[in-house]
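Shown next, in structure tokens, is the structure this report addresses.
Chain A is the first sequence line, chain B the second, and so forth, proteins listed ahead of strands; every chain is numbered from 1.
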There are 2 protein chains.
Amino acid sequence: MNDDSMTSDEVFEAISHPMRIEILRLLARKPVRFADLKRKLRIESSGQLDFHLKKMTGIVVTDSDGNYTLNDRGYAALTAVDMVSRHGWQRRAYIIAFLTYAVMNVYFILMVPLGWWFVIFLITTAWILFYSYWTFIKRRIRLRRNGEISNE
Amino acid sequence: MNDDSMTSDEVFEAISHPMRIEILRLLARKPVRFADLKRKLRIESSGQLDFHLKKMTGIVVTDSDGNYTLNDRGYAALTAVDMVSRHGWQRRAYIIAFLTYAVMNVYFILMVPLGWWFVIFLITTAWILFYSYWTFIKRRIRLRRNGEISNE
DNA sequence: TCTTAAGGTCAATAATCATTGACTTGTTGG
DNA sequence: CCAACAAGTCAATGATTATTGACCTTAAGA
């Protein structure tokens with residue numbers, strides 16, 4: 001297979017199985033040899049590992065010592081996996097940030113003289129506005145999910 | 001299917017087919033209805049579209065008007081697709097940037113008095129160092145690829 | 001020399017995926 | 001009322017994917 005002729009869907013095909021994602025994560029840490037991979041994945045079948053490694057041709061290469069490792073497209077795939085995995089946390093992080101903003105300002109309204117409170121209010125509001133823009137416009141995160149397709 | 005219980009490999013399964021990636025890109029632009037989707041994909045079979053839309057349950061939802069659209073995980077998948085698609089360009093962009101840096105400095109060495117040239121050299125070198133760090137360490141781009149697995 | 005391990009390949013089978021085409025159930029315009 | 005279209009569902013089929021287990025070759029250690 002020509003390395004440059006790979007399309008996006010082929011990359012995602014290469015990581016659309018739990019074991020292949022585990023392999024991707026293992027190889028991202030450090031290059032690993034065949035038998036080591038088998039042990040770390042807790043499988044006995046060589047054929048199974050062979051099958052999944054062949055599916056990952058185009059993302060996985062062998063170095064001069066015979067260790068399996070990721071090529072640059074493999075690292076791109078890894079960051080794609082991380083992005084999808086962490087996506088739920090971006091929503092949670094925003095909620096926590098907003099609550100912090102709210103609690104902080106209520107506290108300062110009650111405790112701090114007007115002049116100082118107003119400075120804090122300006123700074124934290126500018127911050128939460130920028131963070132909101134980044135979250136909802138740039139990254140297109142939504143706080144509430146839409147309804148699912150009804151097919152059950 | 002519970003929306004929150006989706007694993008990464010299921011997301012990638014949902015986009016590991018050319019038609020499903022095309023659907024993802026179409027729905028990212030604006031919500032589309034079933035028959036419109038069929039026309040834009042230039043297919044006649046309703047069953048085929050039904051099959052692929054069902055595979056995308058968990059990233060695709062229907063809004064109140066019956067239009068198909070992406071949920072937040074769908075947009076995460078889209079950015080993953082974009083990242084993988086654009087990956088080749090990150091390498092090219094770096095090469096162009098480096099050549100610009102080199103040509104610019106050669107030009108200024110020849111044309112500009114020493115004092116000014118040194119300022120420009122400092123600024124552009126700081127820039128190329130930061131860009132190199134970002135490219136090779138943070139994003140793990142490689143200029144030359146490693147050898148492929150030999151299995152042909 | 002015999003055994004064990006590494007580093008795989010291959011064939012058979014079961015399970016899943018993808019496509020086709022027939023079918024259903026509304027809705028809308030003439 | 002009828003035709004045409006929207007918005008699907010479903011069964012059948014062939015193609016592909018995933019797993020298992022047998023097999024092979026090479027190298028090291030007892």
Side-chain angles (χ1 to χ4, degrees), chain A residues 1 6-24 26-27 30-69 77 146-152, chain B residues 1 6-24 26-27 30-69 77 146-152:
Chain A
M1 179 197 289
M6 205 179 192
T7 57
S8 303
D9 59 290
E10 289 173 304
V11 174
F12 295 121
E13 164 70 25
I15 53 177
S16 63
H17 187 284
M19 183 172 293
R20 295 204 286 270
I21 292 199
E22 211 177 337
I23 291 173
L24 188 75
L26 285 172
L27 297 187
K30 66 177 174 36
V32 179
R33 273 140 23 87
F34 191 90
D36 277 350
L37 259 183
K38 243 174 54 179
R39 269 190 295 275
K40 288 187 178 176
L41 295 168
R42 292 175 305 285
I43 56 173
E44 313 92 71
S45 165
S46 291
Q48 194 179 4
L49 180 55
D50 181 52
F51 173 80
H52 288 296
L53 281 175
K54 282 221 172 38
K55 283 252 143 188
M56 297 174 84
T57 310
I59 309 197
V60 167
V61 294
T62 44
D63 66 13
S64 48
D65 300 330
N67 294 301
Y68 290 92
T69 183
N146 310 329
E148 288 292 278
I149 297 172
S150 61
N151 61 345
E152 284 126 338
Chain B
M1 178 198 290
M6 206 179 191
T7 56
S8 302
D9 60 289
E10 288 173 304
V11 174
F12 295 121
E13 165 71 25
I15 53 176
S16 62
H17 187 284
M19 183 172 291
R20 295 204 285 269
I21 291 196
E22 212 178 336
I23 292 173
L24 188 73
L26 286 172
L27 297 187
K30 65 177 176 36
V32 179
R33 274 144 16 91
F34 191 90
D36 276 349
L37 215 42
K38 242 173 55 179
R39 268 190 296 275
K40 289 188 178 175
L41 295 167
R42 292 175 306 282
I43 56 172
E44 314 91 73
S45 165
S46 292
Q48 194 179 5
L49 181 55
D50 181 51
F51 173 80
H52 287 297
L53 282 176
K54 282 221 172 42
K55 284 252 141 188
M56 297 173 83
T57 309
I59 37 182
V60 168
V61 293
T62 44
D63 66 12
S64 49
D65 300 331
N67 294 300
Y68 290 91
T69 183
N146 311 328
E148 288 292 278
I149 295 173
S150 62
N151 61 346
E152 282 128 338

Inset, instruction - Taking only the side-chain heavy atoms of B/D50 (C-beta and beyond), determine which of C/dA18, D/dT9, C/dG8 contains the nearest atom. - result: D/dT9
Legend entry - No-hydrogen, no-angle side-chain donor-acceptor test under 3.5 Å, B/T7 and B/D9: yes
Inset, instruction - Supply the atom-to-atom distance A/T57 OG1 to A/K54 NZ, rounded to the nearest 0.5 angstrom. - result: 7.0 Å
Inset, instruction - Round to a whole Å and report the spacing from CZ of B/F34 to C1' of C/dG26. - result: 15 Å
Inset, instruction - Identify the heavy atoms of A/S16 and B/E13 that sit nearest to each other, and give their distance. - result: CB-N, 3.5 Å
Legend entry - Among D/dA6, C/dG7, C/dT9, the one nearest A/A35 by side-chain distance: C/dG7
Below 3.5 Å, can you tabulate the donor-acceptor pairs from side chains in residues 37-46 of chain A to any protein atom, sequence neighbours excluded?
unit_1	atom_1	unit_2	atom_2	d
A/K38	NZ	A/S46	OG	3.1
A/R39	NH2	A/D36	OD1	2.6
A/R42	NH1	A/K40	O	3.3
A/S45	OG	A/G47	N	3.3
A/S45	OG	A/Q48	N	3.0

Inset, instruction - Please state how far atom NZ in B/K38 lies from atom P in D/dT9, giving the value in whole angstrom units. - result: 13 Å
Legend entry - Short side-chain N/O contact from B/K54 to OP1 or OP2 of C/dC17, under 4.0 Å: no
Legend entry - side-chain N/O B/K55 vs C/dC17 OP1/OP2, d < 4.0 Å: yes
Inset, instruction - Determine the contact category for B/E13: base if any of its heavy atoms lies under 4.0 Å from a base atom, sugar-phosphate if only primed atoms, P, OP1 or OP2 are that close, otherwise nothing. - result: sugar-phosphate
Inset, instruction - Quick one: closest heavy-atom pair of A/I15 and A/I21, and the distance? - result: O-CG1, 3.2 Å
Inset, instruction - Please give the angle, rounded to 10 degrees, between the axes at the start and the end of the helix from C/dT1-D/dA30 to C/dG30-D/dC1, where five pairs define each axis. - result: 10°
Inset, instruction - Establish, with yes or no, whether the OP1 or OP2 oxygen of C/dA6 is under 4.0 angstrom from a side-chain nitrogen or oxygen of A/Y68. - result: no
Legend entry - Side-chain N,O (A/H17) to OP1/OP2 (D/dT16) below 4.0 Å: no
Legend entry - For the student: nearest non-hydrogen atoms of B/R33 and B/G66, plus distance: CG-O, 4.0 Å
Legend entry - Any B/Q48 side-chain nitrogen or oxygen under 4.0 Å from OP1 or OP2 of C/dT19: yes
Legend entry - From C/dA6, D/dG8, C/dT20, nucleotide with atom closest to B/S45 side chain: C/dT20
Legend entry - CG-CE distance between B/L24 and B/M19, expressed to the nearest 0.5 angstrom: 14.0 Å
Inset, instruction - Take the angle between the ring planes of A/F34 and A/Y68 and call it parallel below 30°, perpendicular above 60°, tilted in between. - result: tilted
Legend entry - Separation of atom CG in B/L49 from atom C1' in D/dT9, rounded to whole Å: 13 Å
Inset, instruction - Return the minimal non-hydrogen interatomic distance between A/M6 and A/E10, and the atom names on each side. - result: CA-OE1, 3.4 Å
Legend entry - Nearest to side-chain heavy atoms of B/H52, which nucleotide of C/dT9, D/dA6, C/dT19: C/dT19
Inset, instruction - Please assess B/K55 against B/H17 for the test side-chain contact (heavy atoms from CB on, under 4.5 Å), listing each intermediate value before the final yes or no. - result: CA-CA 10 Å; B/K55 284 252 141 188; B/H17 187 284; over 6 Å; no
Inset, instruction - Using whole Å, report how far CD of A/E44 lies from P of C/dA5. - result: 14 Å
Inset, instruction - Give a yes or no on whether a donor-acceptor pair under 3.5 Å exists between the nucleobase atoms of C/dG8, that is its base, and the side chain of A/S46. - result: yes
Legend entry - Under 4.0 angstrom between A/R33 side-chain N/O and C/dG8 OP1 or OP2: no
Legend entry - Rounded interatomic separation in angstrom, taking CZ from A/F51 and C1' from C/dT13: 13 Å
Legend entry - Spacing of A/D63 atom CG relative to C/dG7 atom P, expressed in whole Å: 12 Å
Inset, instruction - Round to a whole Å and report the spacing from CE of A/M19 to C1' of D/dT17. - result: 14 Å
Inset, instruction - Nearest whole angstrom, please: distance from the P of D/dG8 to the CG of B/L53. - result: 8 Å
Please tabulate the protein-to-nucleotide N/O contacts below 3.5 Å involving nucleotides 24-29 of chain D, giving atom names and distances.
none

